[in-house]
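Here is the structure we will look at, set down as structure tokens.
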Amino acid sequence: QVQLVESGGGLVQAGGSLRLSCAASGRTFSSYYMGWFRQAPGKEREFVAAIIRSGGRTLYADSVKGRFTISRDNAKNTVYLQMNSLKPEDTAVYYCAATGSSRNPELGYEYDYWGQGAQVTVSS
């Protein structure tokens, strides 16, 4: 079992930055692929970014590529999402998720554990 707790959300003006953190319980954090997803009001959940166990490979949605960076610190059982050049369309609840294995880390159903979500609001 893995419990995930997001933090770092908030209100920011367009062009600003935020860093989300996701702290994981348990001693096997390094064995999990980690992902970030988001869901805006009235829209379906969408993939944002993913990172493999060692952190050596990352994957991004086209909409955030070049602006967001996913990273992890296995010693701290934490995954991060650095968000720069934020746009109003980035406004959503952001969720971190964990899976023991994944062939398609951009697919939400591949993940076994989810956090409660963190609200990110970008004003224009």
Side-chain angles (χ1 to χ4, degrees):
Q1 291 286 337
V2 176
Q3 290 187 327
L4 305 172
V5 179
E6 299 97 336
S7 61
L11 173 65
V12 64
Q13 288 188 333
S17 299
L18 280 175
R19 188 176 81 156
L20 299 180
S21 299
C22 174
S25 65
R27 294 174 290 180
T28 58
F29 175 75
S30 60
S31 67
Y32 289 92
Y33 290 78
M34 300 298 297
W36 285 97
F37 291 77
R38 66 187 182 186
Q39 187 166 21
K43 295 187 177 181
E44 294 187 353
R45 182 181 62 196
E46 65 175 357
F47 169 75
V48 176
I51 189 166
I52 66 171
R53 299 183 182 97
S54 67
R57 186 170 74 91
T58 56
L59 182 67
Y60 296 95
D62 288 342
S63 59
V64 306
K65 201 172 294 184
R67 300 188 298 122
F68 290 12
T69 302
I70 187 171
S71 62
R72 67 190 296 162
D73 186 336
N74 287 340
K76 295 183 178 180
N77 282 13
T78 302
V79 62
Y80 304 97
L81 185 68
Q82 177 66 43
M83 305 183 291
N84 298 328
S85 302
L86 282 161
K87 305 175 182 179
E89 51 264 43
D90 294 318
T91 295
V93 177
Y94 283 72
Y95 299 90
C96 71
T99 177
S101 64
S102 177
R103 292 186 176 183
N104 300 288
E106 71 275 17
L107 299 178
Y109 63 74
E110 296 265 331
Y111 291 81
D112 304 306
Y113 305 101
W114 293 82
Q116 83 289 351
Q119 177 69 48
V120 171
T121 303
V122 184
S123 63
S124 57

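All values below were derived from every heavy atom in this structure, side-chain atoms included, with hydrogens, water molecules and symmetry-related copies excluded.
- Taking Phe47 as the reference, Phe37 meet the ring pair (Phe, Tyr, Trp, His ring centres under 6.0 Å) condition, with sequence neighbours excluded.
- Tracing side-chain contacts under 4.5 Å through hydrophobic residues (I, L, V, M, F, W, Y), one never reaches Val48 starting from Tyr95; they form parts of separate clusters.
- Side-chain atoms of Val122 and Glu89, non-hydrogen and from C-beta on, never get closer than 4.5 Å to each other.
- Salt-bridge formation is detected for the pair Lys65/Asp62: a Lys NZ or Arg NE/NH1/NH2 atom is positioned less than 4.0 Å from an Asp or Glu carboxylate oxygen.
- When atom types are taken as modelled, the side chain of Ser25 and the backbone of Gln3 share a donor-acceptor pair closer than 3.5 angstrom.
- Tyr113 is listed as a side-chain neighbour of Gln1, based on a closest heavy-atom distance under 4.5 Å.
- In terms of heavy-atom proximity, Cys22 sits nearest to Leu4 at SG-CB, 3.8 Å.
- Residue Ile70 comes nearest to Val79 through the heavy atom pair CG1-CG2, 4.0 Å, listed as atom of the first residue, atom of the second, then distance.
- Side-chain contact between Tyr80 and Arg72: absent, with no pair of heavy atoms (C-beta onward) separated by less than 4.5 Å.
- Summarising the geometry, atom CZ belonging to Phe29 is positioned 6.5 Å from atom OG1 belonging to Thr78; distances are rounded to the nearest 0.5 Å.
- Taking all atoms of both residues into account, the shortest heavy-atom contact from Gln39 to Lys43 is NE2-O, 3.1 Å.
- For Asn104 (side chain) and Glu106 (main-chain N/O), no donor-acceptor pair under 3.5 Å exists by modelled atom type.
- Under the 4.5 Å side-chain criterion, counting only non-hydrogen atoms from C-beta, Glu110 is not in contact with Tyr33.
- The distance from the OG1 atom of Thr99 to the CG atom of Asp112 is 4.5 Å, given to the nearest 0.5 Å.
- Atom OG of Ser124 sits about 14.0 Å away from atom NZ of Lys87, to the nearest 0.5 Å.
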### Query
Would Arg45 and Trp114 satisfy side chain to side chain contact (heavy atoms under 4.5 Å, CB included), going step by step from the backbone distance to the final call?
CA-CA 13 Å; Arg45 182 181 62 196; Trp114 293 82; 3.4 Å; yes
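- Hydrophobic clustering keeps Tyr60 apart from Tyr111 (ILVMFWY residues linked when any side-chain heavy atoms are closer than 4.5 Å, directly or through intermediates).
- In this structure, the side chains of Phe68 and Ser85 stay at 4.5 Å or more apart for every pair of heavy atoms.
- Between Pro88 and Ala14, the shortest heavy-atom distance links the atoms CD-CB, 4.1 Å.
- Checking Val93, Leu11, Leu81, Leu20 one by one against Val120, the side chain to side chain contact (heavy atoms under 4.5 Å, CB included) holds for a single residue, Leu20.
- For the atom pair CG (Asn77) and OG1 (Thr28), the distance works out to 8.0 Å, reported to the nearest 0.5 Å.
- With rounding to the nearest 0.5 Å, the separation of CD1 in Ile51 from SG in Cys96 is 12.5 Å.
- Using a 4.5 Å cut-off on side-chain heavy atoms (C-beta onward), Arg53 and Ser30 make no contact.
- The distance from atom CZ of Arg19 to atom OG1 of Thr69, rounded to the nearest 0.5 Å, is 11.5 Å.
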### Task
Give the C-alpha distance, both sets of side-chain angles, the deciding distance and a yes or no for side chain to side chain contact (heavy atoms under 4.5 Å, CB included) between Arg38 and Asp90.
CA-CA 9 Å; Arg38 66 187 182 186; Asp90 294 318; 2.9 Å; yes
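- Inter-residue side-chain proximity for Ser21 and Lys76 is flagged as unmet; no heavy-atom pair is nearer than 4.5 Å.
- Inter-residue side-chain proximity for Gln116 and Glu6 is flagged as met; some heavy-atom pair is nearer than 4.5 Å.
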